[in-house]
Number of protein chains: 2
Amino acid sequence: MLTTAATTAAPRLPAVTASRPGQHAVAERIAETLRLLQDHVAITRRVVHTGEHVYQAGESFGSLHVIHSGFFKTVNLAPDGREQVVGLHFKGDWLGFDGIAAGQYGCDAVAMDTGEVWTVRYDALLAASTAHAPLLGLLHAAMSREITRDRDSLLSLCTLSADARVAEFLRAWADAMADRGLRNDQITLRMTRAEIGNYLGMTLETVSRALSRLSRDKLIAFPERGRRDVQIPDVRALGAYVQRSLSPNPTLQ
Amino acid sequence: MLTTAATTAAPRLPAVTASRPGQHAVAERIAETLRLLQDHVAITRRVVHTGEHVYQAGESFGSLHVIHSGFFKTVNLAPDGREQVVGLHFKGDWLGFDGIAAGQYGCDAVAMDTGEVWTVRYDALLAASTAHAPLLGLLHAAMSREITRDRDSLLSLCTLSADARVAEFLRAWADAMADRGLRNDQITLRMTRAEIGNYLGMTLETVSRALSRLSRDKLIAFPERGRRDVQIPDVRALGAYVQRSLSPNPTLQ
DNA sequence: CGCTGCATTGATATGTATCAAACCGCGTGG
DNA sequence: CCACGCGGTTTGATACATATCAATGCAGCG
């Protein structure tokens, strides 16, 4: 079913439990980011509507983008036409890091909703960050977080069953909302089942079945007639569901 | 079998074909990196032996590390004990970016071979890079490449069959060798089948079977008695194999 | 020499993909 | 206003890729 991570010895846990930053720490950091950018760099604001691109793969790189509002996906494109949703991005997230090394963007960044992005020229940002060191710190932290996030995706993808991946997906989304001070007991997926499936490495039918099962188990609910909104009565229960799926018989061993 | 990437319309290809940098461009960049570090920052060299850690998850972050020689893996750890190989790293690669944001490393970095890493204090690097802008450019490019690489892993993981993932894994490894001016017609996997499987999201038996099939199809060969060395008569043929696995019937459709 | 860890191969089980049909909500145009 | 079409979703039946379980083989090493 899935690749076991267990090795011979008992699993070694990270020395420090990986707790998320405090409730308002993230919101504070985002506010700080936007404030610093506004104060020290030339930014151009741009409203984007559903389906519009912030940038496209192949476009020559010159700017980074920070999400002021809205919800975005990044789609990685292979030369042979395969496409893969590799990231979901909310307020405060940066877009475009993958362009720095290559001199051109490697992904599409697509708005899933009406939103606003703040665009800063990369060279201007570098110039400003020599004068204001905290700016550079923010930039590096954002890139670092992006790397961590991608690796966490890799981990989920490789170690969780389809049902657990969907549960984990919802849990992570709810966490991202809570981090930003938004309500996380009800989230609006502005993605089709096919998009979710692409992101999670499964087919749209499997996503649909997983959601149905989660709903049957009362871990989520569909309040509206349409199935775009998902109610999450207890986010922690979703996490517990993921853990349970890892060790079906915790008492035995 | 696998998640289809195809959407309704014909697949849109990246505007510019994603060609790798020229043969010696990478080797040149690596040499430049090591030279700049040596000239402008205090570095501590450290020889590490197989199985030793450069750093471990949870350790407090203070330094970045550049591989001078050898071969390393990074292993992501979940609080529940799952562990996942999320990256393989060769000469010139940086280690430790994931620690910047959190203030502590999020992965284990483990030597798979005897090698040498150059360690630089992060704050010293920042200080030096204000004086020497190219240093900062190198750092950002390295982080950017890391992000791109993780996303490419995600793409392969989600869109390729097990056999194709193994072929792609070997192809990418050979490319990394060629980039560094090393021979790429024969590579020494210093990983067990279990480690390869963990990295590629499959079991060790599936890795073994895939390698046997590739060998049967003459895409690879095992020159030695042991099966750690893999001969790759034609790297391009491996890429073609991956492509073929994507479209079994290229003439139809 | 006989462990011991790793690799290979086979038989079988199972999770998820694939194929197919019906349903639903919604906008459009008669 | 309703009929219709259409994209998206759900659900079922079946196929298939890969996991799991099991046995054997192989190489290095004390």
Side-chain angles (χ1 to χ4, degrees), chain A residues 1-9 50-51 112 156-167 169 188-216 220-230 245-249, chain B residues 1-9 50-51 112 156-167 169 188-216 220-230 245-249:
Chain A
M1 159 191 165
L2 38 90
T3 311
T4 91
T7 50
T8 53
T50 308
M112 305 295 285
S156 293
L157 212 50
C158 287
T159 61
L160 296 182
S161 69
D163 282 8
R165 286 212 292 284
V166 172
F169 162 73
T188 304
L189 304 175
R190 287 172 212 282
M191 308 170 71
T192 66
R193 302 292 187 253
E195 282 175 310
I196 297 171
N198 181 291
Y199 178 53
L200 298 177
M202 64 187 74
T203 59
L204 65 96
E205 294 95 328
T206 301
V207 174
S208 178
R209 279 185 244 267
L211 288 172
S212 296
R213 262 186 294 265
L214 289 173
S215 164
R216 201 170 310 135
I220 63 172
F222 295 107
E224 304 295 333
R225 331 200 57 62
R227 322 249 88 150
R228 285 305 184 75
D229 282 25
V230 176
S245 83
L246 290 170
S247 51
N249 274 325
Chain B
M1 157 190 163
L2 37 90
T3 311
T4 91
T7 49
T8 52
T50 308
M112 305 296 285
S156 292
L157 213 48
C158 287
T159 61
L160 297 182
S161 70
D163 282 10
R165 285 210 295 284
V166 172
F169 161 75
T188 304
L189 304 175
R190 288 173 213 280
M191 308 170 72
T192 65
R193 302 294 188 251
E195 282 174 311
I196 297 172
N198 181 291
Y199 178 54
L200 297 178
M202 65 188 72
T203 59
L204 64 97
E205 293 95 330
T206 301
V207 174
S208 178
R209 279 185 244 268
L211 288 172
S212 295
R213 261 187 294 265
L214 288 173
S215 164
R216 200 169 311 135
I220 64 173
F222 295 107
E224 304 296 332
R225 331 197 57 60
R227 325 248 85 151
R228 286 305 184 74
D229 281 26
V230 175
S245 83
L246 288 170
S247 50
N249 275 324

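All values derive from a computational prediction rather than experimental measurement. Naming: A, B, ... by sequence-line order, numbering from 1 per chain.
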Practice task
Could you tell me whether a side-chain N or O of R165(B) sits under 3.5 Å from a main-chain N or O of G201(B), the two making a donor and an acceptor?
Solution key: yes

Exercise for the section: Can you check each nucleotide of nucleotides 7-15 of chain D against protein heavy atoms at under 4.0 Å and return B for base, S for sugar-phosphate only, - for none, in 5' to 3' order? Expected result: --SBBBB--

Handout entry: Any side-chain heavy-atom pair of R227(B) and L211(B) under 4.5 Å
Key = no

Exercise for the section: Return the value, rounded to whole Å, for the distance between atom CG of L160(B) and atom P of dT18(D). Expected result: 11 Å

Handout entry: Non-hydrogen side-chain atoms of L189(A) and F169(A) separated by less than 4.5 Å
Key = yes

Problem - Heavy-atom side-chain proximity of N198(B) to L204(B) below 4.5 angstrom - result: no

Problem - Whole angstrom value for the distance that separates P of dT14(C) from CE of M202(A) - result: 20 Å

Practice task
Spell out, as yes or no, whether a donor-acceptor pair under 3.5 Å connects the side chain of S212(A) to the backbone of S208(A).
Solution key: yes

